[in-house]
Structure formats: structure tokens, C-alpha cells
Amino acid sequence: PLFHVYLGSHHSDRSEFDTALDELDQAISLDPNLALAFSSRGQVYSRMGQYQRALQDLDRAIELAPQLADAYNNRGRVYLLTGQLDLAVQDLDRAVELDPLFTDAYINRGQILLLEDRLAAALQDLQQAVDINETKDEVGRFRLESARAHYLQGAVYQGLVQPERAARSLELSLSLDRDRDWVGQA
């Protein structure tokens, strides 16, 4: 079943959502207690904008594996996207508690803090994500996470009226990933 989860994640990363769902459905049919499959499928539904289905799968993943930081992060992201910021912060806090090196959870929580105009706290979370990623190979996913973190840092610095730092952060974001429109995806 894990092979199907990995294939599903691969197809999701390529925005091949129908194929990703087919793989994840197959993983779940082979092992209906595989929390990672439910978490991954929930993330696919979220990327498709099917938030209710995403929440159902993510709730199931957490029910099956309450220590799965990925599921809390994914559900926190859905809550963020649906404007349920208090629930999002609770889940993202739990994800970081379970995995203190989970950069995506810091980035998502930093984005919420930015939305709430808690700029110093946002900057702290975003810098934590950048610092963690500097210890990893900046390829693939980690490179994209760093690009997103720098983009959001730029927005924080704009809010703090520090245009030079904002420009530097935005330039760093672009240097890591010129292929994404972070304005629409952060």
C-alpha cells in the first residue's frame, strides 16, 4: 500500500489529481487503516478545493494515527484555506509539537500570524522554517518550502515598513523558485 501512497503523492505534486486519487484509493482499499494514505488523499482533495472531503480524510488519518504530524499540518492548511484560523493554529501547533523540524507547519502558522497582523511572531515562525531548511539539501520540496517562507517573510517586512528587507526576501524567494506565482499560492 505504501507504494501507492508514494505514487499518489508523486502524481499530486505534478497536479495529476485524478491519477493521485486512484493510487491513494488503491492504497486505502489494500489497508483501510493506513493513516498516511488518508492524510495524503486529504491533501489532494484540499488542492482540488474539495475541503469537506479533505477534512473527512484528515480527521480519519488523525483518528488512526494521532501522532502523525503530517495529518495535523494538512488539516491545519485546510482550516487556513477555509478561514478557520483558530482551528488551523491548534492543528499547526500540534504538528510542530509532534515534529519540531516540520518546516511546512511553521510556514503555514507563519502565514496565519501574518494574516492576524502578528508580524513579529510570523517572522519568527518563517525564520525557523528557513533555518531548518538550511540544514537540509535545498532540492525539491525543501527548496519550494524555502521559497514560500522567503516570500511570506517579504510580506511581513512590508508590514513592518522595512522595504529593503522585504525586497531581499522576495528576491531570495525568486532565486529559489522562478516558476511559481507565490502571490496566488502563499
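Here the structure is a predicted model, which means the values were calculated and not measured.
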Quick check: does any side chain N or O of [X] sit under 3.5 Å from a backbone N or O of [Y], one acting as donor and the other as acceptor?
| X | Y | value |
| --- | --- | --- |
| S39 | A35 | no |
| Y72 | P66 | yes |
| T103 | A129 | no |
| S169 | A166 | no |

D13 versus H10: any side-chain heavy-atom pair under 4.5 Å? no
N74 versus D70: any side-chain heavy-atom pair under 4.5 Å? yes
Closest heavy-atom contact between [X] and [Y]?
| X | Y | value |
| --- | --- | --- |
| L81 | S46 | CD1-OG, 3.8 Å |
| V130 | A149 | CG2-CB, 3.8 Å |
| P1 | D31 | CG-CB, 3.9 Å |
| I132 | P100 | CD1-O, 3.6 Å |
| A20 | V44 | CB-CG2, 4.1 Å |
| G110 | A122 | O-CB, 3.4 Å |

Measuring from atom [atom1] of [X] to atom [atom2] of [Y], what distance do you get when rounded to the nearest 0.5 angstrom?
| X | Y | atom1 | atom2 | value |
| --- | --- | --- | --- | --- |
| Y45 | Q56 | OH | CD | 9.0 Å |
| L55 | R75 | CG | CZ | 7.5 Å |
| L172 | H150 | CG | NE2 | 4.5 Å |
| F102 | R94 | CZ | CZ | 13.0 Å |
| L176 | E145 | CG | CD | 11.5 Å |
| Y79 | L58 | OH | CG | 8.5 Å |

Determine, using the 4.5 Å side-chain heavy-atom cutoff (strictly less than), whether [X] and [Y] are members of one ILVMFWY cluster.
| X | Y | result |
| --- | --- | --- |
| V5 | M48 | yes |
| L87 | L92 | no |
| L126 | L160 | yes |
| L2 | L7 | no |
| L170 | I107 | yes |

Quick one: do L119 and L123 satisfy side chain to side chain contact (heavy atoms under 4.5 Å, CB included)? Show the steps, please. CA-CA 6 Å; L119 302 181; L123 195 56; over 6 Å; no
Criterion side-chain hydrogen bond (donor to acceptor under 3.5 Å, both in side chains) on Q90 and D86, from CA distance to verdict: CA-CA 6 Å; Q90 288 175 22; D86 290 339; over 6 Å; no
What do the steps show when you test F38 against I28 for side chain to side chain contact (heavy atoms under 4.5 Å, CB included), and what is the final call? CA-CA 7 Å; F38 282 99; I28 290 168; 3.6 Å; yes
State plainly whether the residues R148 and D104 are in salt-bridge range, i.e. N to O under 4.0 Å.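 Yes, this pair counts.
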With the threshold set at 4.0 Å, does a side-chain nitrogen-carboxylate oxygen contact exist between R60 and E63?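 Result for this pair is yes, salt bridge flagged.
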Begin with the C-alpha distance, continue with both residues' side-chain angles, and end with the deciding distance and a verdict on side chain to side chain contact (heavy atoms under 4.5 Å, CB included) for L24 and H4. CA-CA 6 Å; L24 295 165; H4 294 290; over 6 Å; no
Between N108 and N73, is there a side-chain donor-acceptor contact under 3.5 Å, judged purely by atom types and distance?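 Their side chains do contain a donor-acceptor pair, which is all the 3.5 Å distance test asks for.
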With no hydrogens and no angle check, just 3.5 Å: does a side-chain donor-acceptor pair link Q26 and D22? no
Apply side-chain hydrogen bond (donor to acceptor under 3.5 Å, both in side chains) to the pair Q111 and R77, showing each step before the final yes or no. CA-CA 10 Å; Q111 184 174 359; R77 181 76 179 157; 3.0 Å; yes
Surrounding CD of Q50 (heavy atoms of other residues, nucleotides or ligands, distance under 6.0 Å), is the total greater than 12? yes
Given the rule in the side chain to side chain contact (heavy atoms under 4.5 Å, CB included) test, do L115 and L80 qualify, once you have shown the distances and angles that lead to the verdict? CA-CA 10 Å; L115 291 171; L80 166 61; 3.8 Å; yes
Which one of R41, R47, E23, Q43 satisfies the side chain to side chain contact (heavy atoms under 4.5 Å, CB included) criterion with S12? R47
